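Reckoned from all heavy atoms, side chains included, excluding hydrogens, waters and symmetry mates. Every chain is numbered from 1, with letters handed out A, B, ... down the list of sequences. All of these numbers come straight from a predicted model, not from anything done at the bench.
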Amino acid sequence: MTYFPHSETDIKEMLSVIGKKNLEELESPIPAKYIVKTLNLPSQKTELEVNQYFDKLANKNKNYSTILAGAGSYYHYIPSTVDELTGRQEFYTAYTPYQAEISQGTLQAIFEYQTYIANLTGMDVSNASMYDGGTALAEACVIAINSTRKNKILVDKYVNPEYLEVLKTYMGALKVEIVIFESNPFKLDVEAFKKIWNAEFCGFVVASPNFCGSVIDYTGIVDIVKKDKRLVIQSVSEAMSLSVLKTPGDMGADLACGEAQSFGMPLSFGGPYLGFLTCKKEHLRKMPGRIVGQTKDSDGNIVYTLTLTAREQHIRRELATSNICSNHGLCATRASVYLSTVGGKGLRTCGLANIEKSHYLYEEISKLAKFKVEKSQIFFNEFVVSTDIAYDKISKKLEENGILSFLPLAKFYSSLSNYYLICATEMTTKEEIDNLVAILGSL
Amino acid sequence: MTYFPHSETDIKEMLSVIGKKNLEELESPIPAKYIVKTLNLPSQKTELEVNQYFDKLANKNKNYSTILAGAGSYYHYIPSTVDELTGRQEFYTAYTPYQAEISQGTLQAIFEYQTYIANLTGMDVSNASMYDGGTALAEACVIAINSTRKNKILVDKYVNPEYLEVLKTYMGALKVEIVIFESNPFKLDVEAFKKIWNAEFCGFVVASPNFCGSVIDYTGIVDIVKKDKRLVIQSVSEAMSLSVLKTPGDMGADLACGEAQSFGMPLSFGGPYLGFLTCKKEHLRKMPGRIVGQTKDSDGNIVYTLTLTAREQHIRRELATSNICSNHGLCATRASVYLSTVGGKGLRTCGLANIEKSHYLYEEISKLAKFKVEKSQIFFNEFVVSTDIAYDKISKKLEENGILSFLPLAKFYSSLSNYYLICATEMTTKEEIDNLVAILGSL
Amino acid sequence: MKDKNIIFEKSNNCISSYSFNIEKNEKDILNNIPQSLLNDNLSFMPDVSEGDVARHFIRLSNRNYGVDTGFYPLGSCTMKYNPKINEKVAGNPDFANIHPYSSTERVQGVLEVLYKCREALVEITGMDEIDLSPCAGAHGELTGLYIIKAYFKNKKEERPIILVPDSAHGTNPASASVAGFKVVSVKSDADGFVDIDDLKQKVSKDVACFMLTNPNTLGLYEKNLDQIVKICHDLDIQLYYDGANLNAILGISKPGETGFDVVHLNLHKSFATPHGGGGPGAGPVGVKKHLIDFLPGENVVYKNNKYSLEKRGSLSIGKVRSFYANFSVVLKSYVYIVSLGKEGFSKLGLLALLNANYLGVLLKEYFDIATKPHIMHEFVISLQKECDETHLTVMDFAKRILDYGYHAPTVSFPLIVHSCLMVEPTETESKETLDKFAEILIKILEESKTNPDLLKNSPVNTPIKRVDDVMAARTPVLKYSKDE
Amino acid sequence: MKDKNIIFEKSNNCISSYSFNIEKNEKDILNNIPQSLLNDNLSFMPDVSEGDVARHFIRLSNRNYGVDTGFYPLGSCTMKYNPKINEKVAGNPDFANIHPYSSTERVQGVLEVLYKCREALVEITGMDEIDLSPCAGAHGELTGLYIIKAYFKNKKEERPIILVPDSAHGTNPASASVAGFKVVSVKSDADGFVDIDDLKQKVSKDVACFMLTNPNTLGLYEKNLDQIVKICHDLDIQLYYDGANLNAILGISKPGETGFDVVHLNLHKSFATPHGGGGPGAGPVGVKKHLIDFLPGENVVYKNNKYSLEKRGSLSIGKVRSFYANFSVVLKSYVYIVSLGKEGFSKLGLLALLNANYLGVLLKEYFDIATKPHIMHEFVISLQKECDETHLTVMDFAKRILDYGYHAPTVSFPLIVHSCLMVEPTETESKETLDKFAEILIKILEESKTNPDLLKNSPVNTPIKRVDDVMAARTPVLKYSKDE
Ligand SMILES: Cc1ncc(COP(=O)(O)O)c(C=O)c1O
Ligand SMILES: Cc1ncc(COP(=O)(O)O)c(C=O)c1O
């Protein structure tokens, strides 16, 4: 299957207009020694063959029948409108909306996205998307570094470890020192914070919900950081929690960043997801990436356009706030469709369903003799379970039953060697929970 | 999940404008005794619940991994463009194109469909679709009856039996007598035909390919029927065969009708499919259903519109050529997209692939000791196999192996009690054929 | 006339022509079939790259108007919103890729859908049994009439006549005719109801059936329904309910409880499956007990924890279609039923009434609403006076509506009201939409007086201008040909 | 300013508000979380019926232009046709619904796709290894520069400088900066090639890397590439290949064989995955042997008949993203690769060259084509003279192009050509499309002389008129609020 609209006659005619004898003459600027004879690839396939080939590959995946795992990638319901409406070819096959007059669809959808995300995070400004939760955190830290001119940052230990790794990569190159705040997985110890904090840090990165699922009350440290004119950055790896939790803005954060995969992105083995980044007004000029603004056209109609581009790489080049160019715009459009479809009531009840299901699971597990939950943990849809049963035994049993759950926290934290992360969402059925608990009980 | 856009306030305001106190007052024309309190249906479900409910139902179906069966419902490849382009909401959620100025999409797609089908059947005129192959045959016979004023019709025995049943229902009500021409399943016996034929018949219905898959050369009887000014109607239950077979028009038929499910309709347990009906010019005024014609708009542009409506029920009422109103327009649009995507070369190679695969299967089966094929059978993608092995034994084995094949012809023809219908298409892989043959060999 | 935008003109035999894999060459493959039976006529077919095919059909779609584009108040057609979840479920390959001759064991999900949908429709209509096979409304009518025919045949009665009101939809008399009956029309009274006196004159033991729509095509609920039922049933005349207007009473009242013997439903209207620019629909037929034996084709039954298809008995009218039903359409409407549930259906009809009545009230000071007594789910505006005064046609009014971004109401139906527009908003339209639409109709009325040419030359904001229907019919061009 | 068409203004708290099932009441559920951590701020969210949401976004889509709408000659962006089969495969739930922390056994299909796609890209680029993790071109650049940084760090060399041509895309210097380098610009010569003398002056042991695009942003194949490679490699300066322009040489030549050490690809350009109005894309990075150890994150390996993800060694730069890759984007491009196969790739680049050269020839009599020596897959038109003469801006020309139903070429890039349009047709456009487009450009040129106001006031045939960008930036309104 190829996609070349030329007939043999067209090619001949075009070559003759150009004044070439054959297609190969067009290669002439390339030294002959660099011309490839033929690529060592399989032969062209018909669409039917392609389809059969990928059906076979897809069948090699064996999907779980139950997913009770999150850890930065959440199994939520995607309303039927999301694929249907975002799938419109006009959204799908457009480039970045450089020509506003024929790109109002993308522009308005993104403007609506910005409104949703800014409001859900309690901030003034959202950009048009980042790649993912990890890079969004790195870019947020760049803002903090640039606006404070400090080369050190304090980061909570229980920030999503994937994000932390990304942050280390980005900061390492900039020679920014990351200091880990060895906090408690379940709550923030203000006294410990006071001990480690000083104005040499450009800011503090707190995760809530953190990687253990805990909702963290960090209001106690906001004034401490603010007094030094440093920034509080909240990293949110489960955007669905914004449906019920106090916004980062209301908690006192200056920047919020994170992952909005939950707003309509399929699990898709980890990508593409939807990074978001929002800030209070005063940081606007330091924001990375595209931003859509409202304006008027020459008829006086309200319209939308890419704006404040003087921050960006194509204008500022090496002085730009970031190097990001293509972002995850279609994912942002998906989020717009998702949030518009579910609306306020849908988002709220979805959040409530997450709390209800996960707390039911928590209660049921807490009744099992061989498993322990943390009594004090405040969580949205994910929590920590500990047990002395060997991981292999649990994992084998769950695999046999087609259940993805019990992510071992030991992979990420040596201190949590018998601890597991477990998650329930609105997708989880009571039967699935009861089934899991029965299986655990039998171990 | 409901789809009512009203707020409670809207409802109140609207009621007050109308001057009603509550919604129930709007029911007043209906006698109170006929008002239902509440329907005995399950409770409203959220979209997530609906989705889970139907996922469960879908999982109760156990699809075959191999389909080597046709019999009026053919397993062909549907290019990715078909769902993608026909799925555009502007096509999907439109009504019959009564307002041509905002319906050019449907109208032109149907005009293209008419062009494809008229040409593929070698006829002058196609209507905008019929419900399916069965009703198309019945409507074709109505044309023959009305244009000859004869109340008898001669029908080949090996017309698709589903169509024959439909024909019996329609003709029975009109007191038209159906006489079955007890022909040979593999070829038409002209001498036998001459014996039974007379001018009391309004016409002769021949199937090619017929229900046994045989391509029938009926050119020998065309003159006989024509001499009496009666009509030859060819019923085609596998439109894909038109990719390689001489057109009904060229064979001498006056009317062609049949099933074009193969042009982009999924199997879908038998419907909705796509009936087609085409005719030579002289029968145009007797055609049932919608027809799209080319014309101009007031700017002089070429445009399309529903035309020749004076044949139809909404104008002619009881004198109309048919009662059909809604047809299978979107299926016709699917066929347009299908045929435009595959084009001439695609359709041709698809036809060739059907011949190649089915004849390979035929050859391989012919090598088996316990199975017999008909040496003289000329077929496109479907043929007849006979064996003395008990049906239950074959069927059990095939079911175990997830293969749908060997449809017992005994279900339809008592004379063919050990005969089975089997089909291979471009979808069939060599492995599937070899696998089936190996299984048959082991019986 | 050459249309440069037709797919056949875009063909250029491109090097990326679509193809399927064959191993042998064309000639060898074709050797399996005698030369005399082969064609060589695909040269008219295009060979266009996929990208150009995509652009072609996307362009066409952009020249089309659907419910998802905007308000579609096409009376009698119930153009309500088509939920996306219905499509998603129907697109599931475990539903879509099923051969109709699969073994019963492998299609339990399909059969359960059919069974349960039928059960739900029985409950909703108040009939005793439902058959899902008909492909559309008219096909349902035909099936219903076959059933009635078979019923009388079985009783050895000759009943050659079907009564239809003069306000009936064209399919009613046409179906009667296709079913081999003679049609006799029953007059409407001044208000638009069935004229009881005329009915009394026309009933007899020669009449097999009286076909009604209720509310009728003027949007009026038959006020003398009990009387009509009695008049008919006294002579064993079967009462037929054309379900095109069911939306008005959906969830409020059941045709089966008001005396109807046969009813057909339009799943593509009342049950929210997309009409697709002309079907596919589905027109299930419901009957009362005395007619069950005559239902067509097969029946889905549930026995010993297993669903299966069973051929009906010897009194059955036989099949009216190939295979069992328009399965995916039935499936979509079943998704709709499951979604709404009893709570949804308890509001559906009421909101359809609310919308029609509200819009009617907004318009009644300005327009002559033909259905004065009481509006149900739709109403008919007569523009007779306006047309007489301005020398405009009702079509001019309709076309001007397109200019404002709406689909026009149904034009010139029912036939008994001259120069009419039939407006059916359905329950899925918001107050805001109705307010705006009323405003526009009133504006157009104003325009018709101050600037009638605006209407005469309309539409101007549409992809194309006013279409010449006369030319289309006078010199029919019904397929494209390269040489013309 | 109130936009009546924004979703937030459509909200009316409708009775069909979407919801999820909960068993307990809200208060009881929220009891699980302290009051002080809860919000009460969703009142800004709309509650709109699904039908109105559908109409909203369909209306928006109708105000957008994609490749499927028409010709999109946006230079440097390679807006080719996005095959529908790619989307169909990626939509398969067996690919889409996979959690990244699934056990290796359950994701063999996913891993095989990743492995084989990587293998194919290694073959296509001539690099020794490819990493699939970066999310876009710029992200690939950053990753590549991190790798180079790590390489020199491992060699204990301090190399603070990155060279970029003055014609480079903005992401090149920006990425260098984000990667903690200093940027030094290398001049272009009069024809647009790298000025070798300037390069010679700027290279030193302080330079880590020279970032090139080849063909460069003018569409020129660097004629002195061998020399450039030698100059750089003599000082161990790494040569970086920005793959944005790979389409020109795809299937013709391999960057890995011409001396590049690092290359990134834009799967959303050269490999036909949809750009979606701003991503998601994927920007795989390829390197030569000496850099493999520094690649980021994890690696898909195949051992003992099993695919798995393996963390890379201690020299790795670490992760540049969460999880492994933009899987569905990689999958789509792999479908594309499998579809085209070696035969497809043997034509792809040549036809891209053919289209650009053909269009260039059609235009060169009328326009000043900045890339005189030889056009590859795109070319740059300078409108400096025309703008000077008519007092129009290049933007006026671009906007007028929209009026004829095309997307405009890239405007004002590369920066070294004043008032320029950069035109890239790609191989999926037909001769017919190119002929028509050339005709229109020539017509607009004529218009600019005879009726410049036409251009100044353009566009007029678009859904909206010319946008006021100054106002947008001066008083930024970046989110909707009800009260303003
Ligand atoms: C009153 C009435 N009856 C019958 C029909 C016929 O229904 P269908 O188009 O589904 O055959 C219609 C459809 O327009 C109608 O409005
Ligand atoms: C030459 C060049 N380099 C790099 C990029 C950046 O690629 P992306 O937008 O995928 O980050 C672009 C995209 O516009 C480009 O044209």
Side-chain angles (χ1 to χ4, degrees), chain B residues 1-2 5 10 14 23 26 29 34 41 43-44 54 57-58 60-62 85 88-90 92-94 96 100-102 104-106 115 118 131 134 162 165 169 173 266 269-272 293-295 297-298 302 307 313-314 317-318 320 323 325-326 328-330 342-346 349 353, chain C residues 3 17-20 42 45 47 57 60-61 63-68 89 94 96 98 100 106 108-109 135-136 138 170 173-175 177-178 180 183 221 253 274 276-280 318-319 322-323 326-327 339 341-344 350 353 358 430-431 462 464-467 471-472 477 479-480:
Chain B
M1 194 72 196
T2 59
D10 288 340
M14 292 166 83
L23 286 173
L26 296 164
Y34 294 137
L41 293 173
S43 268
Q44 186 177 323
F54 283 97
L57 274 175
K60 292 189 184 173
N61 295 322
K62 285 178 197 55
L85 299 174
R88 297 273 298 177
Q89 291 308 313
E90 293 89 341
Y92 239 82
T93 70
T96 301
E101 293 81 2
I102 52 171
Q104 288 297 299
T106 294
T115 303
Y131 304 134
E162 300 262 354
E165 284 201 50
T169 307
F269 197 64
Q294 204 184 58
T295 184
D297 74 356
S298 60
I302 296 175
T307 192
Q313 43 73 28
H314 62 286
R317 302 179 73 83
E318 61 269 30
N323 70 327
C325 180
S326 292
H328 278 196
L330 194 70
V342 302
K345 189 171 162 219
T349 51
Chain C
D3 182 353
S17 292
Y18 204 94
S19 77
F20 289 88
L42 296 193
M45 293 271 291
D47 277 299
F57 284 101
L60 289 190
S61 75
R63 292 157 72 87
N64 230 40
Y65 188 102
V67 188
D68 280 0
V89 169
D94 285 338
I98 294 181
R106 287 186 179 262
Q108 287 297 301
C135 301
S175 297
S177 184
V178 173
V183 175
Y221 191 93
S253 175
K319 298 198 77 157
S322 326
F323 307 114
N326 276 0
F327 171 66
S339 298
K342 60 172 165 245
E343 297 84 356
L350 291 175
L353 300 183
Y358 177 72
S430 68
K431 174 174 178 295
T462 45
I464 62 164
K465 299 290 164 59
R466 185 86 66 103
V467 162
M471 175 180 175
V477 179
K479 65 173 190 173
Y480 179 78

Original post:
Of the listed residues (C/Gly277, C/Ala96, C/Gly279, C/Ala136), which shares the most heavy-atom pairs with chain B below a 4.5 Å separation?
Top reply: C/Gly277
**OP:** Return the option, out of C/Gly180, C/Gly318, C/Pro100, with the maximum number of heavy-atom pairs under 4.5 Å with chain B.
**Re:** C/Pro100
**OP:** Among the options B/Ala118, B/Ser43, B/Ser326, pick out the one with the most heavy-atom pairs lying under 4.5 Å from chain C.
**Re:** B/Ser43
**OP:** Check for a donor-acceptor pair, side chain of C/Asp47 on one end and backbone N or O of B/Lys345 on the other, with a separation under 3.5 Å.
**Re:** yes
Original post:
Can any side-chain N or O of B/His314 pair as donor or acceptor with the backbone N or O of C/Gly170 at less than 3.5 Å?
Top reply: no
**OP:** Would you mind telling me which of B/Arg317, B/Gln104, B/Lys60, B/Glu165 has the largest number of heavy-atom pairs within less than 4.5 Å of chain C?
**Re:** B/Arg317
Original post:
Are the side chain of B/Asn61 and the backbone of C/Gly109 linked by a donor-acceptor contact shorter than 3.5 Å?
Top reply: yes
**OP:** Using the test side chain to side chain donor-acceptor pair (under 3.5 Å), find all partners of B/Glu90 that sit at least two apart in sequence or belong to another chain.
**Re:** A/Arg88
Original post:
Under 3.5 Å, is there a donor-acceptor pair between the side chain of B/Asn323 and the main chain of C/Ala174?
Top reply: no
Original post:
Looking at C/Val178, C/Val183, C/Leu353, C/Val467, which makes the most heavy-atom pairs under 4.5 Å with chain B?
Top reply: C/Val467
**OP:** Please determine, among B/Gly270, B/Ala100, B/Ala353, B/Ala320, the option with the most heavy-atom pairs under 4.5 Å with chain C.
**Re:** B/Gly270
Original post:
Do you know which of B/Leu41, B/Val342, B/Ile102, B/Leu23 has the most heavy-atom pairs under 4.5 Å to chain C?
Top reply: B/Ile102
Original post:
Among B/Ala58, B/Gly293, B/Cys325, which has the most heavy-atom pairs under 4.5 Å with chain C?
Top reply: B/Ala58
Original post:
Which one, B/Ala173, B/Gly134, B/Pro266, leads in non-hydrogen pairs under 4.5 Å with chain C?
Top reply: B/Ala173
Original post:
Rounded to the nearest 0.5 Å, what separation is found between the CD1 atom of C/Ile464 and the CD1 atom of B/Ile302?
Top reply: 11.5 Å
**OP:** Using non-hydrogen atoms and a 4.5 Å limit, figure out which bit of C/Val67 sits close to chain B: side chain, backbone, both or neither.
**Re:** both
Original post:
CG of C/Asp94 to CG of B/Leu57: how many Å apart, nearest 0.5 Å?
Top reply: 11.0 Å
Original post:
Which residue out of C/Met45, C/Lys342, C/Arg106 racks up the most heavy-atom pairs below 4.5 Å with chain B?
Top reply: C/Arg106
Original post:
To the nearest 0.5 Å, how far apart are CG in C/Asn326 and OH in B/Tyr131?
Top reply: 9.5 Å
Original post:
Taking every heavy-atom pair that is under 4.5 Å apart, which of C/Ser175, C/Cys135, C/Pro280, C/Ala138 has the most such pairs with chain B?
Top reply: C/Pro280
Original post:
Has the side chain of B/Asp297 got a donor or acceptor atom that lies under 3.5 Å from a matching backbone atom of C/Arg466?
Top reply: no
**OP:** Please look at B/Leu26 and chain C and tell me whether the side chain, the backbone, both or neither of the residue comes under 4.5 angstrom of a heavy atom of that chain.
**Re:** both
Original post:
For the candidates C/Gly276, C/Gly341, C/Ser430, which exhibits the highest count of non-hydrogen atom pairs separated by less than 4.5 Å from chain B?
Top reply: C/Gly276
